[in-house]
Amino acid sequence: MKKNLETICVQGGWKPKNGEPRVLPIYQSTTFKYSSTEEMADLFDLKAEGYFYTRLANPTNDAVAAKINELEGGVGCVLTSSGQAANFYAIFNICQAGDHFITSNTIYGGTFNLFGVTLKKLGIECTFVDPDWSDEEIEKAFQPNTKCFFGETISNPGGNVFDIERFAKMAHKHGVPLIVDNTFATPINCRPFEWGCDIVTHSTTKYMDGHATQVGGAVIDSGNFDWEAYADKFPGLTTPDESYHGLTYTKAFGKKAYITKIVSQLMRDLGSIPGPQNCFLLNLGLETLHLRMPRHCENAQKVAEWLNDNPKVAWVNYCGLPGNKYYDLAQKYLPNGSCGVIAFGLKGTREDAVRFMDALDFVAIVTHVADARTCVLHPASHTHRQLSDEQLREAGVAPDLIRLSVGIENVNDIIADLEQAMQKI
Ligand SMILES: *Cc1c(COP(=O)(O)O)cnc(C)c1O
């Protein structure tokens, strides 16, 4: 039976059999027992399915991965120990030294560094493009060795909305998949596969968990990209893997080739699995994701409107505000609401911004976002500290930008806290 998102949030993943625990159990075990050598050997050869070592698969983790997969509408999902690991795996699964990919420049600071600095050290080059450029300008970035296109549904922290359908078409025209980081929208507000995206990634640390209890990530495969049609570009998927007895992923796993390679090759060799305890906590968060997201959006909309009308505020970027540059894209991709994250700047100096933040009461200064509790951050002095002013601008982060992550408290209290702090500047 095909279920609605709300039901998947609550019921997806763990399917207990007769007499098994109703609630997803925490299989806090690195290993699993078998009674014969042969049974275990078949698992290593990928001939049989079963658990043998938690780095490769664990029942708690798998149940949560299955839920996220169902929410996004994919053919398979792998959970990682962080969002950073998820984005690294998503790219590294199809790019190797000598390859190239294209990314939107309005992306999370950590991803910006991963792509621009660390992947470069591995011999993987990327070109940062401004999604606001014309198709013609962006298409100049494609090279014969380009392997994918990357963007964030709603960028962190700028709040720019990514035109998924446009970039999916462009990527496909050049024979490469589109990878979208859907962290801020969550599948409750946007399902990128429905717009032609091929691979979705998440930092589950944010709304999916929603309570700031675990750091985690996910990669989900739509199964839609035809790797065999561009076999020369993706030899890792379409030619024998010597480290797996010469198995070819596209031949052996069909639509699940990409996601199976991540698990059986990258997880095996690089690790970065989440702990079962963390997956249990993530699952609790997911059970209420469909209730929390609308409340985040409703509160953020009211706070954004209040900020917009406030004479002390220089500018507000929230795609739910009519007149916002991304309003039309948000109406198309996020008709039920975007997320709780607002970017804004105060009139006055940088010190005024600091004074405002320090004067807040329960709205806390934390290096976090997309959580039940309202919080603020000044990216230029916190998360994006390592970027130069020019890189900041390139990443769509103004030096005076305050990132306000609106929680699910009573919105009148949130506004009252912002108001009393603003009176102190
Ligand atoms: C936080 C974040 C990441 C990184 O995730 P971690 O779980 O902190 O490693 C990646 N992408 C986006 C959009 C994020 O907000």
Side-chain angles (χ1 to χ4, degrees), residues 61 64-65 68 72 77-92 103-119 126 128 131 150-162 164 179-190 192 197 199-220 270-275 278-279 281-282 285-286 289 293 296 300 319 333-334 338-343 366-371 375-377 379 382-387 395-397 401 403-406:
N61 300 15
V64 184
I68 293 174
E72 286 288 6
C77 166
V78 59
L79 298 184
T80 58
S81 55
S82 67
Q84 286 299 109
N87 281 329
F88 172 61
Y89 282 180
I91 300 287
F92 197 58
T103 178
S104 155
N105 62 3
T106 55
I107 52 172
Y108 173 65
T111 313
F112 198 94
N113 269 317
L114 168 66
F115 289 178
V117 181
T118 301
L119 285 182
C126 82
F128 291 89
F150 181 95
E152 292 177 2
T153 312
I154 305 170
S155 71
N156 177 4
N160 306 13
V161 180
F162 192 64
I164 302 172
I179 304 177
V180 170
D181 181 330
N182 197 32
T183 298
F184 271 15
T186 82
I188 300 301
N189 285 341
C190 179
C197 158
I199 313 287
V200 160
T201 63
H202 279 280
S203 164
T204 63
T205 317
K206 314 296 167 53
Y207 288 118
M208 280 194 171
D209 172 311
H211 303 76
T213 59
Q214 57 91 48
V215 173
V219 182
I220 306 102
L270 299 169
S272 317
I273 51 135
N278 273 7
C279 290
L281 292 168
L282 170 58
L286 288 166
L289 184 65
M293 287 312 290
H296 278 292
C319 62
Y333 293 108
L334 306 153
S338 54
C339 67
V341 183
I342 300 170
V366 295
T367 304
H368 191 49
V369 63
D371 171 19
C375 59
V376 280
L377 186 86
H382 301 135
T383 45
H384 288 62
R385 232 189 139 72
Q386 65 280 18
L387 303 192
V397 183
L401 184 151
R403 185 181 71 184
L404 174 65
S405 175
V406 180

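Below, each value reflects all heavy atoms present in this structure, side chains not excepted, and no hydrogens, waters or symmetry copies. As the structure lists them, so they are numbered: ligands from 1, and atoms in each ligand from 1.
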Query raised in the report: Would you say Tyr108 and Glu152 make side-chain contact, with heavy atoms under 4.5 Å?
Result: yes
Starting at [atom1] of [X], measure out to [atom2] of [Y] and round the result to the nearest 0.5 Å.
X	Y	atom1	atom2	value
Thr103	Phe112	OG1	CZ	8.5 Å
Ile273	Leu79	CD1	CG	10.0 Å
Thr153	Ile164	OG1	CD1	4.5 Å

Under 4.0 Å from a heavy atom of [X]: which atoms of ligand 1 are those, numbered in the order shown and with their elements?
X	value
Gln84	4 (C), 5 (O), 6 (P), 9 (O)
Glu152	13 (C)
Phe184	15 (O)

Measure the distance from [atom] to every protein heavy atom, then report the residue, atom name and distance (to 0.1 Å) of the closest one.
atom	answer
atom 13 (C) of ligand 1	Asp181 OD2, 3.4 Å
atom 7 (O) of ligand 1	Thr205 OG1, 2.6 Å
atom 6 (P) of ligand 1	Gly83 N, 3.3 Å
atom 1 (C) of ligand 1	Lys206 NZ, 1.4 Å

**Report entry** Tyr89 side chain to Ser272 side chain, donor-acceptor N/O pair below 3.5 angstrom
**Finding:** yes
Report summary line: Candidates Gly109, Ser203, Ala85, Gly216; heavy atom nearest atom 8 (O) of ligand 1 found on Ser203
Query raised in the report: Between the side chain of Thr80 and the main-chain N/O of Ser82, is any donor-acceptor distance below 3.5 Å?
Result: yes
